[in-house]
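Following: one structure in structure tokens, then a few remarks.
Each ligand, and each atom within it, is numbered from 1 in the order the structure gives. Numbering of residues begins at 1 and proceeds along the displayed sequence.
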Amino acid sequence: MFSLPNNATIIEVGPRDGLQNEKNAIATDVKLNFIKALQDAGISEMELTSFVSPKWVPQMADAEMIVKSTTKVGRQFVLAPNATGVERAMEASAEAIAVFVGVSNSFNKKNINKNTAEAMARLAPVVAKLKDEGKFVRACISTAFYCPYEGKMEIEDTVALCKIFASWGVDELSVADTIGMANPVESYTLFKRLKKEFPELLLTAHFHDTRKMALANIFAALQAGIDRFDTSTGGLGGCPFAKGATGNVATEDVVHMLESIGIHTGVDIDKICQAAAIVEPFLSKSIDSGQYRLFTQKQK
Ligand code: HMG
Ligand code: MG
């Protein structure tokens, strides 16, 4: 009836996307304990932090310490917006780099102070150097469905941006619903098209959960052949420069949905909730994912 994979990969983005929008300054030690607990829960791919301007995102100012103090488990990404960010990441011995550009000019101006063409022109030599050095490069495509400033994006514009990254030889495209506005038909349509265009690339879906549609969008993406999902423990997250952005879809809820329909993830839900419990006391808001609520009720 449904076309579903046997296995799916969870790319945990909590320590990066999850915390970047958090108002409280979280101590580096708490972040490191959170990361360790996520590794212990079976997470094999994770975004650890981002080498962005600390003036723009103070929460990520400890990126060097985070990378240097984390034991390597599986594939660990760091985000970098430009050559300076990549240099910092290389000095910290990061091995997998995530670069990011949105489809929307207005979003890019707010997020990275460049329009799309300017951002891509500056990134081209940076990505070429990373590929020459044999690094794994993930390209994050923001506002692939909707922009908070320009509204609905044209599917052809999203595909065109992905094609440029593909021509640079990136290893992965992580395609994002930055403000959580997509619906399952849009998810299926875009990911089906991307699977056809880029059969050789790792394709990942990155959903924020503003309208509580992310699980439905993931189910639609599964139907389109996607088996990699960016998720954030506790449903934390959001881009500080995307008006109206809310948290990412919660890792524990995605793992529960996938496992309950027979898709193996290798991730332990209770241990993910234990990781969430490490960071929750330091957050400005409480965690309210379905699985975390069940977990805390069980503890009482
Ligand atoms: P800018 O102010 O235009 O930078 O910011 P600049 O190139 O003009 O340089 C100004 C100063 O910043 C210089 O220092 C640079 O050295 C320094 P000064 O000479 O004044 O002392 N600088 C840096 N310092 C540290 N690290 C760097 C860096 N670059 C320059 N990498 C910039 C441009 C891109 C840096 C800034 O806009 C920025 O950091 N933006 C990042 C915003 C961000 O982190 N957004 C969230 C991540 S994206 C996201 O969440 C979306 C995603 O989840 C997918 C989705 O959901 O859509 C991935
Ligand atoms: Mg995001």
Side-chain angles (χ1 to χ4, degrees), residues 11-22 46-64 66-67 77-92 94 96-104 106-116 118-123 126 137-150 153 158 161-162 165 170 172-182 190 204-210 214 217 229-233 235-251:
I11 298 95
E12 170 65 46
V13 299
R16 193 281 302 172
D17 205 335
L19 296 184
Q20 71 184 9
N21 208 16
E22 169 53 43
M46 186 172 356
E47 286 185 355
L48 291 183
T49 184
S50 55
F51 288 89
V52 294
S53 164
K55 286 191 191 129
W56 284 60
V57 188
Q59 187 71 259
M60 297 286 117
D62 57 0
E64 274 83 2
I66 294 290
V67 174
F77 297 100
V78 299
L79 262 71
N82 55 14
T84 309
V86 169
E87 267 165 43
R88 289 176 58 206
M90 292 300 105
E91 266 167 39
I97 307 292
V99 294
F100 54 97
V101 176
V103 179
S104 151
S106 313
F107 171 72
N108 287 327
K109 285 292 282 178
K110 299 252 189 220
N111 195 39
I112 48 177
N113 209 16
K114 302 268 176 295
N115 67 30
T116 313
E118 290 163 349
M120 293 302 278
R122 280 171 193 244
L123 268 184
V126 176
V137 179
R138 160 177 165 96
C140 302
I141 317 295
S142 289
T143 59
F145 297 90
Y146 286 86
C147 166
Y149 313 103
E150 295 183 19
M153 295 286 102
T158 299
L161 188 61
C162 291
F165 277 118
V170 302
E172 178 187 11
L173 297 171
S174 168
V175 178
D177 182 18
T178 308
I179 50 168
M181 290 290 149
L190 179 59
T204 303
H206 177 117
F207 286 108
H208 286 261
D209 206 13
T210 313
N217 289 334
F229 300 98
D230 288 352
T231 66
S232 173
T233 287
L236 311 176
C239 176
F241 307 100
K243 192 180 60 173
T246 55
N248 293 71
V249 64
T251 302

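- In this structure, D177 contributes its side chain and A182 its backbone to a donor-acceptor pair below 3.5 Å.
- If you check which protein heavy atom lies closest to atom 54 (C) of ligand 1, you get S142 OG, 3.4 Å.
- In this structure, atom 49 (C) of ligand 1 has protein heavy atoms in its sub-4.0 angstrom surroundings.
- Residues meeting the side-chain hydrogen bond (donor to acceptor under 3.5 Å, both in side chains) test with T210, sequence neighbours left out: T246.
- Counting only heavy atoms of the protein, atom 23 (C) of ligand 1 lies nearest to T84 CG2, 3.9 Å.
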For residues 137-149, please give each side-chain donor-acceptor pair under 3.5 Å, one per line with the distance, not counting sequence neighbours.
| from | atom 1 | to | atom 2 | distance (Å) |
| --- | --- | --- | --- | --- |
| R138 | NE | E47 | OE2 | 3.2 |
| R138 | NH1 | E172 | OE1 | 3.3 |
| R138 | NH1 | E172 | OE2 | 2.7 |
| R138 | NH1 | D230 | OD1 | 3.4 |
| R138 | NH2 | E47 | OE2 | 2.9 |
| R138 | NH2 | D230 | OD1 | 2.9 |
| R138 | NH2 | D230 | OD2 | 2.7 |
| T143 | OG1 | V103 | N | 3.1 |
| T143 | OG1 | S104 | N | 3.2 |
| Y146 | OH | E186 | OE2 | 2.7 |
| Y149 | OH | F241 | O | 2.8 |
| Y149 | OH | K243 | N | 3.2 |

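- S50 places none of its side-chain heavy atoms less than 4.5 Å from the side chain of F100.
- Going from atom NE2 of H206 over to atom OG of S174 covers 6.0 Å, rounded to the nearest 0.5 Å.
- Of all the heavy atoms of V52, the ones lying under 4.0 Å from any atom of ligand 1 are found in both the backbone and the side chain.
- Here the CG-CZ distance, from L79 to F51, works out to 10.5 Å after rounding to the nearest 0.5 Å.
- Residue contact annotation: P54 has a non-hydrogen atom under 4.0 Å from ligand 1.
- A donor-acceptor pair under 3.5 Å links the side-chain atoms of D17 to the main chain of G238, judged by distance alone.
- E12 contributes atom CD, which lies 10.5 Å from atom CG of L48 (distance to the nearest 0.5 angstrom).
- Using a 4.0 Å cut-off to heavy atoms of A176, the atoms of ligand 1 that qualify are 54 (C), 55 (C), 56 (O), 57 (O).
- Distance check on atom 15 (C) of ligand 1: every protein heavy atom falls at or beyond the 4.0 Å cut-off.
- Heavy-atom proximity to H208, at under 4.0 Å, picks out these atoms of ligand 1: 56 (O).
- Residue, atom and distance of the protein heavy atom nearest to atom 43 (C) of ligand 1 are N111 OD1, 3.7 Å.
- Atom 29 (N) of ligand 1 lies below 4.0 Å from at least one non-hydrogen atom of the protein.
- For atom 37 (O) of ligand 1, a protein heavy-atom neighbour is present inside the 4.0 Å cut-off.
- Closest to atom 52 (C) of ligand 1 among all protein heavy atoms lies R16 NH2, 3.7 Å.
- Taking 4.5 Å as the limit, some side-chain heavy atom of M120 sits within range of a side-chain heavy atom of L161.
- With ligand atoms numbered from 1 in the order given, ligand 1 contributes 43 (C), 44 (O) to contacts under 4.0 Å with heavy atoms of V57.
- Protein heavy atom nearest atom 1 (P) of ligand 1, with residue, atom name and distance: N113 ND2, 3.9 Å.
- For atom 26 (N) of ligand 1, the nearest protein heavy atom lies closer than 4.0 Å.
- With rounding to the nearest 0.5 angstrom, the CG atom of N248 is 12.0 Å from the CD1 atom of I11.
- Evaluation of the side chain to side chain donor-acceptor pair (under 3.5 Å) test over residues 82-92, restricted to residues two or more places apart or in two chains, returns E64-R88.
- Neighbouring protein atoms of the Mg ion (ligand 2) (N, O or S, distance under 2.8 Å, waters ignored): D17 OD2, H206 NE2, H208 NE2.
- Atoms of ligand 1 lying under 4.0 Å from at least one heavy atom of F51, given by number and element, are 26 (N), 27 (C), 31 (N).
- Any N or O atom pair closer than 3.5 Å counts here, and S50 shares no such pair with ligand 1.
- From the protein, the heavy atom lying nearest to atom 39 (O) of ligand 1 is S53 N, 2.8 Å.
- Considering only heavy atoms from C-beta on, L19 comes within 4.5 Å of M60 through its side chain.
- Close approach of ligand 1 to P81 is summarised as follows: ligand atoms under 4.0 Å from at least one heavy atom of the residue are 31 (N), 34 (C).
- Of the heavy atoms in T178, both backbone and side-chain atoms come closer than 4.0 Å to ligand 1.
- How far NE2 of H208 is from CD1 of I179: 10.0 Å, rounded to the nearest 0.5 Å.
- The nearest heavy-atom contact from the protein to atom 46 (C) of ligand 1 is Q20 OE1, 3.4 Å.
- Closest approach of C162 to L173, counting heavy atoms only: CB-CD1, 3.8 Å.
- Using a 4.0 Å cut-off to heavy atoms of D17, the atoms of ligand 1 that qualify are 53 (O).
- Of the protein's heavy atoms, K55 NZ, 4.8 Å lies nearest to atom 18 (P) of ligand 1.
- For atom 4 (O) of ligand 1, no protein non-hydrogen atom is found at a distance below 4.0 Å.
- What you find for G85 and A80 is that their closest heavy atoms are C-CB, 3.7 Å.
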For this session: Run the numbers on T231 and T251 for side-chain hydrogen bond (donor to acceptor under 3.5 Å, both in side chains), then give the verdict.
Result: CA-CA 5 Å; T231 66; T251 302; 2.8 Å; yes
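- When atom types are taken as modelled, the side chain of D209 and the backbone of G247 share no donor-acceptor pair closer than 3.5 angstrom.
- Taking only nitrogen or oxygen atoms, main chain and side chain alike, G85 reaches within less than 3.5 Å of ligand 1.
- Across every non-hydrogen atom of G237 and N21, the tightest pair is O-ND2, 4.1 Å.
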